[in-house]
Amino acid sequence: MADRGVDVSALPKEVRDQLAELDLELSEGDITQKGYEKKRTKLLAPYFIHSPGKTHQLSSSNHAPPPSSSSRYRERRSRRTHRGGGTRDDRYRSDIHTEAVQAALAKHKEEKMALPMPTKRRSTYVQSPIQARTPPGRTRKWAVLSSYSWINRSVQGSSTSSSASSTLSHGEAKPQPQSQAQPQGSRVDLPSNAVVRGMSRGQSRSSMMETADGVPVSSRVSTKIQQLLNTLKRPKRPPLSEFFTDDSEEIVEVPQPDPNTPKPEGRQIIPVKGEPLGVVSNWPPALQAALARWGATQGKSPALTALDITGRVLYTLTYGKLWSRSVKLAYTLLNKLGTKNEQILKPGDRVALVYPNSDPGMFWVSFYGCLLAEVIPVPIEVPLSRKDAGISQVGFLLGSCGVGLALTSEICLKGLPKTPTGEILQFKGWPRLKWVVTDSKYLTKPSKDWQPHIPTANTDPAYIEYKASKDSTVVGVAVSKVAMLTHCQALTQACNYCEGETLVNVLDFKKDMGLWHGVLTAVMNRIHTISVPYAVMKACPLSWVQRVHIHKARIALVKCRDLHWAMMAHRDQRDTSLASLRMLIVADGANPWSVSSCDAFLNVFQSHGLKPEVICPCATSPEAMTVAIRRPGVLGTPLPARAILSMGGLSHGVIRVNTEDKNSALTVQDVGHVMPGALMCIVKPDGPPQLCKTDEIGEIIINSRAGGTMYYNLPGVTKNTFEVIPVNANGVPIGEIPFVRSGLLGFVGPGSLIFVVGKIEGLLMVSGRRHNADDLVATALAVEPVKTVYRGRIAVFSVTVFYDERVVIVAEQRPDASEEDSFQWMSRVLQAIDSIHQVGLYCLALVPANTLPKTPLGGIHISDTKQFFLDGNLHPCNILMCPHTCVTNLPKPRQKQPVGVGPASVMVGNLVAGKRIAQAAGRDLGMIEDQDLVRKVIIISTFVNTFSKEPQALSTASCVQLHKRAEKIAAALTEKGSINTGENVVLLYPPGIDLIAAFYGCLYAGCVPVNVRPPHPQNLAATLPTVRMIIDVSKAACILTTQNLMRTLRSKEAAASVNIKTWPMIIDTDDLPRRRPPQIYKPPTAEMIAYLDFSVSTTGMLTGVKISHAAVSALCRSVKLQCELYSSRQIAICLDPYCGLGFVLWCLASVYSGHQSILIPPFELESCSSLWLSTLSQYRIRDTFCSYSVMELCIKGLGTQTDLLKARGVNLSCVRSCVVIAEERPRLALTHSFSKLFKDVGLSSRAVSTAFGSRVNLAICLQGTTGPDPCTVYVDMKSLRHDRLRLVERGAPQSLPLMESGKILPGVRVIIVNPETRGPLGDSHLGEIWVNSPHNASGYYTIYGEESLQADHFNTKLSFGDPQTLWARTGYLGFVKRTELLEASGDRHDALFVVGSLDETLELRGLRYHPTDIETSVSRAHRSIAESAVFTWTNLLVVVSELCGSEQDALDLVPLITNVVLEEHHLIVGVVVIVDPGVIPINSRGEKQRMHLRDSFLADQLDPIYVAYNM
């Protein structure tokens, strides 16, 4: 940033050195970007060139962005000489098939596949300094992919009407929605068909939302989705298998094998034998004996040279010193650790060796000291913190090996993390360790007569090497003394080691090749080892080449990475010579991509004296040790041939030479011949160890004396790996000798050369085909990652989702990468992997640099990364999910059969087609005494209390008082309002007695009351239009309200939302004069309308229903009988009194039954959570009614305060029934939580129950005081999607618990009907609930007067069976089940179960889904998901989730939501939208308004944190 005016090459050398050091710190994550900029600016300040008249304003948002760090890297590389290409990211890439990748991408370019880019709020991803400088006022970004023109394409034929997704059984025509900005947290009834002022009904919605230049506002969302749909229309590569017959129990079957799949055709393989192990006369009886010999005879001979961080020689350890120090350590371990009588260590005990990679000398001394003391060393990595990747698994290793003592150096001990008291931290999962410092000054010199005991090598363990497996467990491979000695002998013979040679070792000396060659075999042959630590390699990648040149080394031990890095930095070294090398051992030569590194390195360094025949790749594994190694070639002999294999063949496990498509070819080099004295076979990697055919890929297994003997202390796992006896095609063992599994996949080529194509650990089995993780990494690295991927750090693993493995790629993103570059790179990786490997990626994620868990040597810890991904702790900054292309094993979509009423549906008595007919009825209602509610008010005396924050009466009214207040209002209506009989009057009151008085006042005056929820004073913009719409639709002649609300209706704020000049007459009822009406109106017939009940449904439909006087009386009597509401009773009601059963209980029931009602407005609980429960306790209430939102408020507000409630004397043991009033499926989890939480204050678990009502009938079920408890059943979700019912046991997979919705009310009959054929269904089917009852509503009250709809919903008949009875359609799906419980009458009880609203069901893949089931699964996916809602749009499932955690969790939710919906519901999520808490609209009954949310989403009004379009 600060170097724009500075020529870096002209700076003094020390400044350039400091800059280089700073760059290294940044790239390693040791310094923040901000700190880096600050220090760099400070360093460069004296050399800054100021252009005349200009100053560089670093903080201004107008200047050009700084050069990207990759360009800075290139600049530095060209100008710097001392560090070469040290920090340039070019070394992290794969050149092997860049050509193939380019060809694959070019092919895709022709197809022009554009991917919609995700939408991200700016704050979600503040990472790079470039992005931090956002101009003020821009809060979020809709990213535009400039290379694609999709944003400009017009959406052809994409419907934005909200009727597209809901399957409307009732056939309502949905008027145009209007989305209101809604403040978070407020609960408002928002109909989606709100009429907008100044717009005629006929106008289309799109015209309403167009901007000045004619571009629809919603096009940003809809274009992306439209494009996504276009992508999905393309035929998938693997054809969707035809599974899923309707009655099949299994969800997914294995697809039929493709007849064109290549199959192995060769003969059975014959075991391959290595050359015999030579017999040497002077071979020592044990490795310690060799050290003793060199220590005594060649004491001055150098054994080890260690380098410091700058690559200079730190010290050289001679064989004499190595021997004397090892003897001192052995003596100290055996004699000086405990007291004289008590020896802490005994021969055979295990000891951990904890030494850093930079201190090989101390490690050598400790390792040989342990061998001399006959204790078993267990080398492990140095723990750096409690959060190290895989730290607890290392603890498991130490525990399973029984380690109680750790050896370390003084410097290392000081660097270990400590507690505040100075003790070493107890690491997670580790046993208690005693730490011993092994520096020379702490060791005791043994007495002259003490000599270490050196027995001949036997089968006891010599040391234990750790191995991390694919599932992240760390186990210890025990190597016996004889195996260690034999392995050294075999390596000496294979590599032709001679005494006194020099070896340069770049590998980790604690394990694997670094230990076997650089520590053990080196001492056996008196070799001088030069150890180059990892830290030196990072600072100076050429250091090992320089060491070979300086010391004229004969052998170098490296990895492909070291070749690659040296190659990148070689230009700075003109005079290095590699002519002395006779063996360049490539430790990871078994990686198929090593061939390109070897070729490129040879290409560059052949001019420096490197001979082609010295490159010796080898294959190793911790269990089998060295499997094969290429012997050094003879000058002039031809190099071994390469195998060019077809990747398609490899994925099916067969060897096919690639002849056609060179883009999908894999070139592999051999790893030489089998080790001397070993026998090798190739067996099938899964199932019994059956020998492979000659053209088949399998796992290499080895029989040799030079291999691991067991997983220490894990006999079960040991048997499967170390004692394998191969069998032939008939399953007959081919011999007695046990083999060891190497974990390597390969085959035997011509001339018994061994070829390795991958590891079992990196194997991804996707849809029955094998893919190698390393291959996928190489392909991703070939897609020009320089601009995007940080230091080539890419992890590939698979996760099991929906019965198959799915491939996930996670890469670290460079701090300076732009969003667009990243997204383009991701989409190109998708295409390249699809073309080359023929496998679809499930998820591709980019995380900020340096955030993936690291292995000790800086690689990516794959198993921890996978766990982070599954736990939602990865925190990606970019993510791309592609489930549509890779999930090909979904059940076949159900083809709906045409439903005809045929002979199969014949009714015989009470049976339909062999099943009991699904119907049920409440008990007889008896005679309805008096249908005139008006007279009731006068003769029954009752109290109605309204409570404020403390349980004390705010206002009280007896029936006489109510009667008088009602008379005043009736008089005002006739005098002031000149209201005629039968006209509609809107009541606009907060919950309270005024509302009840106004209601009866209207009845006295002969008007029809219309109860409306008043607008929220803090949120008029969202709530007032709904009020206005109900007033308009009901054609109200007058509004009754309070003074406060009257002022609100006429305020300036109200004028901003609605036209306040056109309100009907407003009468304020606060201070009316004492007048009596001339007469009290009596309806001529009971069928006259008593009141209108308006409500907004969950689908956003505003519906008003007409309730007659007869229905009111029948309903009140029915509720009275069911709940035994006598005049001596007190009931508490905490419900909104504006519609449905809430209004009936609040205003009508107490007047009818004569009991006392205590009314508690639910909004009071927001300020005093305990109000309702304290009232129940104080007044010893037996029966109470509430809503789900009241329950939620109590759980949230009082969840942690039950002890406090107890202390205040709250006791709920008096509550006999607590009924939740709702128009939805019972929320079982919520009622259970409520019962469980307040059990401590005496609430009986049997008290909580539910009720059910709908628009056509306000109360169908209500749990009474008598009769059986509500029952719960578990139904199979797979059957439910087919509208069928199968009961399963609790805990069965795919089971859904459903609770009965309360007892059916007296006088009510229900029947379950097929909504399409209108025929009755058997009790094994899910169907629409139809109801017949004297308290059914009389019909809809609408401005349009759609009579057909009326007849269809309120007076409909069955198509067969009982065609006489008139039924009302509730619009809810449910079923009836006969239970074992008995009614009071002695009959078995028929329970009604409500499953969900028919309008809200999602029809996807021919199956019926209920949103609440999907939402329940989504809410379980991650701790940060507060609430979620789902809807469909043009066959895409959209999931909206509220994020209650930090915004960096937002992108973690995308894969988890996709996974859970796929696993549990077999659906692919099309769009995932992450929003802030409170965005999902909820109505007053606590129900989600999904259609309103959908409209807001399409109109782009959600302000999402992140929108992911799953490809």
Side-chain angles (χ1 to χ4, degrees), residues 306 325-446 461 463-466 474 476 508-511 515 519 533 712-713 856:
R325 286 183 192 173
S326 303
V327 170
K328 271 165 83 175
L329 178 62
Y331 178 73
T332 306
L333 290 178
L334 291 177
N335 301 297
K336 295 293 175 187
L337 290 185
T339 56
K340 278 193 177 174
N341 309 328
E342 182 206 5
Q343 195 178 344
I344 285 189
L345 276 182
K346 298 181 288 300
D349 286 352
R350 276 75 53 211
V351 173
L353 305 192
V354 186
Y355 293 96
N357 197 263
S358 55
D359 195 357
M362 294 294 277
F363 176 82
W364 280 44
V365 169
S366 296
F367 191 89
Y368 283 105
C370 288
L371 293 185
L372 290 170
E374 292 188 84
V375 296
I376 303 170
V378 185
I380 59 167
E381 303 300 341
V382 179
L384 300 174
S385 74
R386 260 205 176 122
K387 290 184 178 169
D388 280 8
I391 188 118
S392 55
Q393 287 88 342
V394 175
F396 170 76
L397 165 77
L398 297 175
S400 65
C401 294
V403 173
L405 194 78
L407 306 185
T408 188
S409 65
E410 189 172 24
I411 294 173
C412 184
L413 189 75
K414 281 179 182 166
L416 289 176
K418 312 240 181 353
T419 61
T421 57
E423 291 172 24
I424 288 164
L425 212 59
Q426 179 62 32
F427 298 106
K428 189 180 167 190
W430 282 38
R432 284 236 166 259
L433 292 180
K434 182 177 164 61
W435 295 82
V436 175
V437 175
T438 59
D439 293 47
S440 287
K441 57 185 173 186
Y442 299 109
L443 302 181
T444 312
K445 198 171 183 183
Y463 70 92
I464 293 170
E465 183 172 317
Y466 79 84
V474 175
D508 182 6
F509 50 73
K510 293 190 280 296
K511 56 184 277 202
L515 175 66
V519 180
Y712 196 87
N713 239 349

Could you tell me the separation between the SG atom of Cys401 and the OH atom of Tyr466, rounded to the nearest 0.5 Å? 13.5 Å
Parallel, tilted or perpendicular, judged at 30° and 60°: which one describes the rings of Phe363 and Tyr355? perpendicular
Going by heavy atoms in the side chains, are Leu515 and Tyr463 under 4.5 Å from each other? yes
Are Leu407 and Leu333 close enough, and set up right, to give a side chain to side chain contact (heavy atoms under 4.5 Å, CB included), and what steps lead you there? CA-CA 10 Å; Leu407 306 185; Leu333 290 178; 3.8 Å; yes
How many angstroms lie between atom CG of Leu337 and atom NZ of Lys434, to the nearest 0.5 angstrom? 6.5 Å
Say you draw a straight line from OG of Ser366 to CG of Leu371; how long is it, rounded to the nearest 0.5 Å? 11.0 Å
Leu416 and Pro383 have their tightest heavy-atom pair at CD2-O, 3.6 Å
Side chain to side chain, Asp359 and Cys412, heavy atoms closer than 4.5 Å: no
For the OG atom of Ser440 and the CG atom of Leu329, what is their distance to the nearest 0.5 Å? 9.5 Å
Stepwise side chain to side chain contact (heavy atoms under 4.5 Å, CB included) check, Lys510 with Val519: CA-CA 9 Å; Lys510 293 190 280 296; Val519 180; over 6 Å; no
Between Leu372 and Tyr331, is there a side-chain heavy-atom distance shorter than 4.5 Å? no
Measure the shortest side-chain to side-chain distance between Leu405 and Asp349 over non-hydrogen atoms and say whether it is less than 4.5 angstrom. no
Considering all heavy atoms, the nearest Pro360-Ala306 contact: CG-CB, 3.9 Å
All heavy atoms of Tyr712 vs all of Ser400, minimum pair found to be CD2-O, 4.0 Å
Is any side-chain heavy atom of Ile391 closer than 4.5 Å to one of Trp430? yes
Closest non-hydrogen atom pair between Pro446 and Lys328, with its separation: CD-CG, 3.8 Å
Flag, side chain of Thr419 to backbone of Glu423, donor-acceptor distance under 3.5 Å: yes
Around atom CG of Leu425, are there more than 12 heavy atoms from other residues, nucleotides or ligands closer than 6.0 Å? yes
Is it true that a side-chain atom of Arg325 and a backbone atom of Val365 form a donor plus acceptor pair closer than 3.5 Å? no
Nearest-0.5 Å distance that lies between atom CG in Leu334 and atom CD1 in Ile344: 12.0 Å
Can Asp439 and Lys441 be counted as an ion pair, charged N to O under 4.0 angstrom? no
Once you round to the nearest 0.5 Å, how far does CD1 of Ile411 lie from OG of Ser358? 8.0 Å
Would you say that Val474 contacts Phe396 through its side chain, given a criterion of any heavy-atom pair below 4.5 Å between the two side chains? no
Would you find more than 12 non-hydrogen atoms of other residues, nucleotides or ligands less than 6.0 Å from Lys428 atom NZ? no
Do Leu433 and Val354 touch side chain to side chain, with heavy atoms closer than 4.5 Å? no
For Gly348 against Ile376, the heavy-atom pair lying closest together: O-CD1, 3.5 Å
If only atom types and distance count, is the side chain of Thr444 paired as donor or acceptor with the main-chain N or O of Thr332 below 3.5 Å? no
Could you tell me whether the side chain of Thr438 reaches within less than 4.5 Å of the side chain of Met362, counting heavy atoms only? yes
Shortest non-hydrogen separation from Val437 to Glu410 and the atoms involved: CG1-N, 3.6 Å
